[in-house]
K.L.:
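So that we are looking at the same thing, I have put the structure below in structure tokens.
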Amino acid sequence: MGKQKYYDTALKPERAVLVGVIRPGETQEETKEFLDELAFLVDTAGGVVDRSFTQKMLKPDRATFVGTGKLEEIAAYVKSEEIDMVVFDDELSPSQLRNIERELQVKILDRSNLILDIFAGRAQTAQAKTQVELAQLQYLLPRLTRLWTHLERQKGGIGMRGPGETQIESDRRMILEKISLLKGRLKLIDKQNETQRKNRTELIRVALVGYTNVGKSTIMNMLAKSEVFAENKLFATLDTTVRKVVIDNLPFLLSDTVGFIRKLPHHLVECFKSTLDEVREADVLLHVVDVSHPNFEDQINVVNETLKDLGARDKPTFMIFNKIDAYVSPEIDTENGEKTTLTLEEFERSWMANDNAPALFISALHKENLEEFKQLLYDKVVALHTERYPYDKLLY
Ligand SMILES: Nc1nc2c(ncn2[C@@H]2O[C@H](COP(=O)(O)OP(=O)(O)OP(=O)(O)O)[C@@H](O)[C@H]2O)c(=O)[nH]1
Ligand SMILES: [Mg+2]
């Protein structure tokens with residue numbers, strides 16, 4: 001049964017329709033970016049996006065997320081085009097989910113659910129698996145009465161990986177018991193990890209942080225000459241990897257962690273807090289940005305907010321603008337003759353002038369500005385080490 005479901009999914013990708021609400025003040029471009037990101041999530045989960053529906057609203061409808069007219073339109077489309085699932089760009093409340101399911105009669109996923117599903121497919125270590133399972137059960141608990149979980153159980157596919165069918169069918173109490181069991185297991189793993197971390201406190205710790213898919217693992221591999229899994233999919237990395245890096249005989253620890261994304265389900269953030277201990281306890285953060293992404297400035301804000309949540313916003317931070325090789329030069333707007341965006345040089349100048357967040361522009365893929373990057377790390381690590389161990393003779 002377990003094998004069967006992956007086989008089915010691989011054979012015929014599920015076709016999805018996306019639904020998003022356009023809030024007041026949101027530009028067309030922003031809406032497009034948000035839905036593109038949702039489409040990328042569906043793609044990462046193994047589905048194919050057929051089309052998307054949007055509706056301008058002050059805020060999502062309490063009962064049905066979009067208006068009933070729009071929902072009918074979606075229902076008709078889903079039926080005539082034989083769509084497998086409808087994916088909403090926000091977390092649906094249990095009652096919204098029920099109402100929409102009743103109307104659409106097809107598998108409904110929301111953004112949280114989709115992210116959880118991708119995480120479930122990616123989790124490798126006992127810690128990550130336990131964290132994701134815990135988040136999934138917490139998400140599931142208020143939403144036990146779902147139509148499609150019964151319909152789709154035989155077929156499997158997106159949204160069906162993870163805790164498995166038995167829990168879905170079982171009553172609340174069983175789920176609650178499982179939640180407390182998983183929490184206990186996580187506490188134990190945390191304790192073991194804490195001991196491990198304590199054993200290597202003498203080295204300066206640098207953490208790579210940033211939005212998902214910006215190139216953190218690629219940078220890790222470049223600096224540590226390691227083989228951390230990197231690919232053009234969202235959330236390629238779930239577990240934190242720590243490597244010892246040596247630049248000019250100067251050793252320090254570099255960690256690579258899970259990427260952030262807007263509207264990350266809060267259960268998941270909670271459950272992944274211990275994975276992010278490495279970030280919380282780091283001496284320096286390298287905030288990696290994909291400068292070739294049209295929305296990179298929003299992504300910077302999302303990362304800063306998440307860092308604030310983690311209590312890691314005040315750490316010394318370097319902004320590492322990656323993928324300069326793929327930066328799209330601005331076009332001239334034909335209407336007013338103005339440039340649509342800044343040139344890379346203009347961006348560089350404005351960021352370099354900001355003393356609070358020292359910045360560096362690189363391409364990890366083409367190893368551009370790699371020497372400057374290493375020098376920056378070297379200087380910072382030496383400074384921190386000297387500050388912490390004034391009498392220590394370093395190897396350098
Ligand atoms: N063009 C270009 N692509 C890059 C560069 N650095 C990384 N990439 C590509 O960006 C994609 C994502 O890279 P990863 O290193 O997996 O990114 P990540 O930040 O670790 O992503 P997650 O672990 O999913 O959060 C891969 O396809 C990389 O090859 C770069 O400098 N230029
Ligand atoms: Mg990664």
Side-chain angles (χ1 to χ4, degrees), residues 36-46 114-125 127-128 131-132 206-243 245 254-265 268-269 272 275-276 278-279 282 285-296 298-300 302-304 306-307 310 317-329 344 347-348 359-374 376:
D36 279 355
E37 184 173 271
L38 190 66
F40 199 1
L41 284 167
V42 170
D43 175 65
T44 298
L114 188 59
I115 293 176
L116 285 169
D117 192 63
I118 294 171
F119 272 47
R122 296 271 190 206
Q124 296 280 333
T125 59
Q127 185 184 23
Q131 286 167 330
V132 178
V206 182
L208 290 159
V209 294
Y211 210 76
T212 178
N213 208 41
V214 295
K216 299 178 295 298
S217 298
T218 310
I219 292 176
M220 173 84 160
N221 289 340
M222 178 180 81
L223 290 173
K225 299 188 179 69
S226 59
E227 298 275 319
V228 176
F229 182 57
E231 69 164 345
N232 192 21
K233 287 270 158 87
L234 300 179
F235 303 114
T237 309
L238 271 202
D239 294 294
T240 301
T241 316
V242 184
R243 292 270 187 283
V245 177
L254 183 67
S255 67
D256 176 26
T257 38
V258 58
F260 303 151
I261 195 164
R262 56 184 272 278
K263 299 189 202 163
L264 199 61
L268 206 59
V269 180
F272 269 79
T275 301
L276 292 164
E278 208 54 52
V279 172
L285 302 182
L286 301 176
H287 178 163
V288 184
V289 178
D290 174 358
V291 79
S292 74
H293 195 285
N295 247 14
F296 77 84
D298 281 342
Q299 298 188 343
I300 292 176
V302 171
V303 172
N304 284 339
T306 315
L307 287 174
L310 292 170
T317 303
F318 291 104
M319 301 297 296
I320 307 298
F321 291 89
N322 188 31
K323 306 199 190 181
I324 54 170
D325 60 284
Y327 185 77
V328 186
S329 299
L344 191 58
F347 263 127
E348 283 197 44
L360 193 70
F361 285 67
I362 66 161
S363 163
L365 206 62
H366 296 271
K367 304 207 164 35
E368 272 181 80
N369 287 344
L370 179 58
E371 284 315 309
E372 285 88 337
F373 187 24
K374 283 183 170 171
L376 180 123

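Note that this is a predicted model, so its numbers are computed, not measured. Counting convention: from 1, in listed order, for ligands and their atoms alike. The analysis underlying the following values was restricted to heavy atoms, covering all of them including side chains, and did not include hydrogens, waters or symmetry mates.
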K.L.:
How does T212 reach ligand 1, by side chain, by backbone, by both or by neither, if only non-hydrogen atoms under 4.0 Å count?
P.N.:
both
K.L.:
Can you confirm whether E372 is buried at CD, in the sense that more than 12 heavy atoms of other residues, nucleotides or ligands lie under 6.0 Å from that atom?
P.N.:
yes
K.L.:
Using the test side chain to side chain donor-acceptor pair (under 3.5 Å), find all partners of D36 that sit at least two apart in sequence or belong to another chain.
P.N.:
K32
K.L.:
A326 to ligand 1: N or O pair under 3.5 Å?
P.N.:
no
K.L.:
Quick one: does ligand 1 sit under 4.0 Å from the side chain of N322, the backbone, both or neither, non-hydrogen atoms only?
P.N.:
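Looking at N322 and ligand 1, just side chain atoms fall under 4.0 Å.
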K.L.:
Restricting to N/O/S atoms, is S217 within less than 2.8 Å of the Mg ion (ligand 2) or not?
P.N.:
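Under 2.8 Å: S217 contacts the Mg ion (ligand 2) through an N, O or S atom.
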K.L.:
Side-chain contact, heavy-atom cut-off 4.5 Å: F373 with L286?
P.N.:
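Yes, side chains in contact.
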K.L.:
Considering only heavy atoms of G259, which atoms of ligand 1 have at least one such atom less than 4.0 Å away?
P.N.:
25 (O)
K.L.:
Could you tell me whether some N/O pair between D325 and ligand 1 is separated by less than 3.5 angstrom?
P.N.:
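D325 vs ligand 1: N/O contact under 3.5 Å present.
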K.L.:
With salt bridge (Lys or Arg N to Asp or Glu O under 4.0 Å) as the criterion, how do D290 and K323 come out once you've worked through the C-alpha distance, each side chain's angles and the decisive distance to 0.1 Å?
P.N.:
CA-CA 6 Å; D290 174 358; K323 306 199 190 181; 3.3 Å; yes
K.L.:
Measuring only between side-chain heavy atoms, which start at C-beta, is H287 closer than 4.5 Å to I320?
P.N.:
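Of all side-chain heavy-atom pairs linking I320 with H287, none is under 4.5 Å.
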K.L.:
Counting only heavy atoms, tell me which of T218, T44, V258 gets closest to atom 13 (O) of ligand 1.
P.N.:
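Ranked by closest heavy atom to atom 13 (O) of ligand 1, first place is T218.
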K.L.:
Considering both backbone and side-chain atoms of I362, is one of its nitrogen or oxygen atoms within less than 3.5 Å of a nitrogen or oxygen in ligand 1?
P.N.:
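There is no such contact.
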K.L.:
Can you list the residues that meet the side chain to side chain contact (heavy atoms under 4.5 Å, CB included) rule with T306, with sequence neighbours excluded?
P.N.:
F260, V302
K.L.:
Using a strict 4.0 Å cut-off to heavy atoms of K216, name the atoms of ligand 1 that fall inside it.
P.N.:
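Listed by number with element, the hits are 15 (O), 17 (O), 18 (P), 19 (O), 20 (O), 21 (O), 25 (O).
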K.L.:
Can you measure from CZ (R243) to OG (S255) and round to the nearest 0.5 angstrom?
P.N.:
11.0 Å
K.L.:
N/O of A364 under 3.5 Å from N/O of ligand 1, yes or no?
P.N.:
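Yes, since at least one N or O of A364 sits under 3.5 Å from an N or O of ligand 1.
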K.L.:
Do D256 and ligand 1 have an N or O pair less than 3.5 Å apart?
P.N.:
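Between D256 and ligand 1, no N or O pair is found under 3.5 Å apart.
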K.L.:
Can you name the atoms of ligand 1, numbered from 1 with element, that are less than 4.0 Å from a heavy atom of S217?
P.N.:
15 (O), 18 (P), 20 (O)
K.L.:
Let me confirm one number: the NE2-CG distance from H366 to D325, rounded to the nearest 0.5 Å.
P.N.:
4.0 Å
